[in-house]
Protein chains: 2
Amino acid sequence: MARKSASGRIGIADVAVKAGVSHATVSRVMNGNFTVDPDIAARVRAAAAELKYQPNPVGRSLALGKTDTIGIVVPDLANPTFQAILRGLSRAAAQDGYRVLIADSFEVSSEESILAAEARRRCDGLVLCAPRMTDAELEEIVPSLHPLVLINRTTAAPGVPSLVVDYGQGVQDIAGHLVDLGHTRLAFLAGPPHSASNDMRLKGLEAFKAAHPDVDVTMLEGGSDFDTGHEAVDAVLASGATGILAFNDLVAMGLMSGLHERGLDVPGDISVTGFDDIPFARYTTPALTTGAVPITELGEQAWHQLRALIRKEENDAPGSRYQPRLEVRASTGPAKAPRSTVHG
Amino acid sequence: MARKSASGRIGIADVAVKAGVSHATVSRVMNGNFTVDPDIAARVRAAAAELKYQPNPVGRSLALGKTDTIGIVVPDLANPTFQAILRGLSRAAAQDGYRVLIADSFEVSSEESILAAEARRRCDGLVLCAPRMTDAELEEIVPSLHPLVLINRTTAAPGVPSLVVDYGQGVQDIAGHLVDLGHTRLAFLAGPPHSASNDMRLKGLEAFKAAHPDVDVTMLEGGSDFDTGHEAVDAVLASGATGILAFNDLVAMGLMSGLHERGLDVPGDISVTGFDDIPFARYTTPALTTGAVPITELGEQAWHQLRALIRKEENDAPGSRYQPRLEVRASTGPAKAPRSTVHG
DNA sequence: GAGAACTGAGAAAACGCTTTCTCGCATGGC
DNA sequence: GCCATGCGAGAAAGCGTTTTCTCAGTTCTC
């Protein structure tokens, strides 16, 4: 019969009593400390097994000063991109015995810093995805969040790795692809106004426009979800563009759905591109041309960077930059009125 | 200048020294205990603010015996269904000040019970999604996991709410819909062999077959992802069925994609149905007819049930059963060779 | 004006563990 | 046979909180 401590749960004290040793010895055995007599160790292990004793992690955390848990702050768990980051992070961390605590800010960016601080205090480190947070706010909280890894943001603070996707180069590649297909009138269906990754795309497009003065690029307001794309049909048609760069795959899918409802053919009438290469992108009809980002791998890398920080290792690669790979599928095709050589 | 305790972080002791009071008083103030003189309370608050003191959650957890965290065990974070449950759970829990810790078993069901026990000890309660775990194993670990809420599983143990989707009824509704459209040869593209929810579907189809002896239902082996559906094209065509019930939306989308590649028209040649109504289901081409499950709401309900358990409230609704709603979209249509009245 | 009742804050115990410190005991050397 | 050495395990001190216990100082009552 398992005797229980006052709390109702079996603790180290119960095992100690049953094995006829002190708490300290039980702790030593449980932690594989070999300065314990093998006979006694065996007795302790037997007692522990019989009582099904499992050390209380909270007690351990307090004593050891670590929780074996990391936190991730995401603006929206419904977004496939963050789901993928979470997945990669979770898997990689699990392999090293770490769990992940999620903090979803539900796009309420005013809550983000509080949430981040909160999460950080419960964990050994933090991965922060906060695309809408202002630079000022970011700089202010970053120092108190160490060990910290940033996703798609950079900071002046030292010792904070940033994993950033080169969206600027990505949109340029996509725009280039459309131009190669003969499109001369493009439109960019932008993302959320104050999003860091949207800014990167805008910068990329500026560079593209500078390099291609003959191409007309219309900027359209947008957002980051299906509905944004779906509702943008009128604006897209009004722009007269034949090649559309949607902020991301979700927006592109919404747009294609809306165009389809209007009886327009993609890519016959209009070419549509996305960004991210979420798992569903290859299964849309037509399959979506997009800028593929190895996003799950990014989550995995986030863990590796964070791990190095937690272990206070020399970090030779403080952050890294991911180049999107142009993934040409069926949603892009020759412009209706080609003005130069067109393949296919 | 903020003085720091040995640990390097600001603790209650630092605030106590700065305010010239004892730790106890600081704690009382921080917890809104009104037996403290207003002047002293103000002094403490000022000191806390100046030092930017935030109580250490681990210390609090140990003292209070609660972590304000719940855990969720999922077999695969890549699956939209579990993502949605997680989302609903996370949001609902957040509203009550709880965070969620995720434990992804990566479909390794042998790890599931260890993972669950591990997660449970770090949290105040657990939501368990373990479709592949055997009944025996489930019954064995359930008692040690309380407070616990099960998703799509039931247990004989008392006090464990189960949130289960009535997949059995769902497939019958879908099958009925296909028969109404004139289909007489159906095929079920099954899910993972030992999945609880697959068993429920199979039972539902048995009932359906008993009620519709004139309808031919072929059972095909399958899985739960895109590729399963994509690879099943040959088997589906070989079956001669014109109405296909895929295990879930993912499989249905894979199948539609495969059929499309073969030049077949959905629903012209073959009608395809899914299950779950994941967010993408309405954006496929054609939009997918499916059994809609309010899955995010299910995650939310999971929290409410768990909360009741944690608070030891009387739980008048120990679990609940969700009826899928038949969502007819464009992927189903009249059978090619109608044998009875067909609408449209 | 003295004892009772009360108020409010400090001391100390508790939460469950790890780890340092300490010390008894056995062994080895001379 | 005695002291130095070392090994192994218990005692105790943290880790950072909350909360009970205790008690000094004040107010109230008769």
Side-chain angles (χ1 to χ4, degrees), chain A residues 3-45 47-48 51-69 118 120-124, chain B residues 3-45 47-48 51-69 118 120-124:
Chain A
R3 82 204 90 167
K4 294 176 170 185
S5 70
S7 80
R9 273 191 67 83
I10 291 176
I12 202 171
D14 303 286
V15 179
V17 170
K18 186 166 188 98
V21 298
S22 69
H23 328 288
T25 300
V26 176
S27 172
R28 279 189 270 257
V29 173
M30 298 304 292
N31 291 291
N33 186 324
F34 290 112
T35 71
V36 177
D37 183 290
D39 289 353
I40 296 185
R43 216 164 71 220
V44 169
R45 264 189 281 273
L51 295 174
K52 293 194 201 304
Y53 167 70
Q54 298 287 119
N56 177 327
V58 179
R60 290 199 89 215
S61 290
L62 189 59
L64 294 171
K66 66 199 201 80
T67 61
D68 289 345
T69 300
E118 244 284 317
R120 174 59 188 83
R121 290 206 314 281
R122 297 188 120 75
C123 300
D124 297 345
Chain B
R3 78 207 91 172
K4 295 177 170 187
S5 71
S7 79
R9 273 190 68 82
I10 291 178
I12 202 171
D14 303 286
V15 180
V17 170
K18 185 164 189 96
V21 297
S22 69
H23 326 289
T25 300
V26 176
S27 172
R28 280 188 271 259
V29 173
M30 299 303 292
N31 291 290
N33 186 324
F34 288 112
T35 71
V36 177
D37 183 291
D39 289 353
I40 295 185
R43 216 165 71 221
V44 169
R45 265 188 281 273
L51 295 174
K52 292 195 201 303
Y53 166 70
Q54 299 288 121
N56 176 327
V58 179
R60 291 198 87 213
S61 291
L62 187 59
L64 294 171
K66 67 199 199 80
T67 60
D68 290 346
T69 301
E118 243 285 317
R120 174 61 188 82
R121 291 205 315 281
R122 296 189 121 75
C123 300
D124 298 345

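To find a chain, count down the sequence lines: A is the first, B the second, and so on, and within it residues start at 1.
Within the 4.0 Å cut-off from OP1 or OP2 of D/dG10, at least one side-chain nitrogen or oxygen of A/T25 is found. Between A/Y53 and C/dC17 there is a side-chain polar atom (N or O) within less than 4.0 angstrom of OP1 or OP2.
For the contact set between residues 58-65 of chain A and DNA chain D, defined by any heavy atom under 4.0 Å, the members are A/L62, A/A63. Remark: A/T35, A/V36, A/D37, A/I40 in residues 29-44 of chain A come within less than 4.0 Å of DNA chain D through at least one heavy atom.
Contact record, A/V29 with A/R45: CG1-NH1, 3.6 Å, taken as the closest heavy-atom pair. Between A/D68 and B/R122 the shortest heavy-atom distance is CB-NH2, 3.7 Å. Residues B/T69 and B/C123 approach most closely at O-CB, 3.2 Å, considering heavy atoms. The shortest non-hydrogen separation linking B/I12 to B/Y53 is N-CE1, 3.5 Å. A/V21 and A/V26 make their closest contact through CG2-CG2, 3.8 Å (heavy atoms, listed as atom of the first residue, atom of the second, distance). Shown here for B/N31 and B/R60, the closest heavy-atom pair between the two residues is OD1-NH2, 2.9 Å.
When side chains are defined from C-beta on, B/K52 does not count as touching B/I10, because their heavy atoms never get closer than 4.5 Å. Considering only heavy atoms from C-beta on, A/M30 stays 4.5 Å or farther from A/V15 through its side chain.
B/S27 places no side-chain N or O within donor-acceptor distance of the main-chain N or O of B/H23, the cut-off being under 3.5 Å.
The NE2 atom of B/H23 sits 17 Å away from the P atom of C/dA14 (whole-angstrom rounding). Taking atom CZ of residue B/R122 and atom C1' of nucleotide C/dG16, one finds them 14 Å apart after rounding to whole Å. For A/D14 and C/dG16, the CG to P distance is 9 Å, given to the nearest whole Å. For the pair A/I10 CD1 and C/dC15 P, the interatomic distance rounds to 16 Å; values are reported in whole Å. A/K66 places its NZ atom 22 Å from the P atom of D/dG14, with the value rounded to the nearest Å.
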| request: Before giving the answer on side-chain contact (heavy atoms from CB on, under 4.5 Å), spell out for B/D37 and B/R43 the whole-Å C-alpha distance, their side-chain angles and the decisive distance to 0.1 Å. | output: CA-CA 10 Å; B/D37 183 291; B/R43 216 165 71 221; over 6 Å; no
| message | With side-chain contact (heavy atoms from CB on, under 4.5 Å) as the criterion, how do B/T35 and B/R28 come out once you've worked through the C-alpha distance, each side chain's angles and the decisive distance to 0.1 Å? | response | CA-CA 8 Å; B/T35 71; B/R28 280 188 271 259; 4.0 Å; yes
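Direction of the helix axis in the helix from C/dG1-D/dC30 to C/dC30-D/dG1 shifts by 60° between the two five-pair termini, rounded to 10°.
Among the nucleotides D/dG10, C/dC17, D/dT18, the one closest to the side chain of A/V21 is D/dG10. The side chain of B/A24 lies closest to D/dT19 when the candidates are D/dT19, C/dT19, D/dG16.
Contact annotation: side chain of A/R28 to base of D/dG10, donor-acceptor pair present below 3.5 Å.
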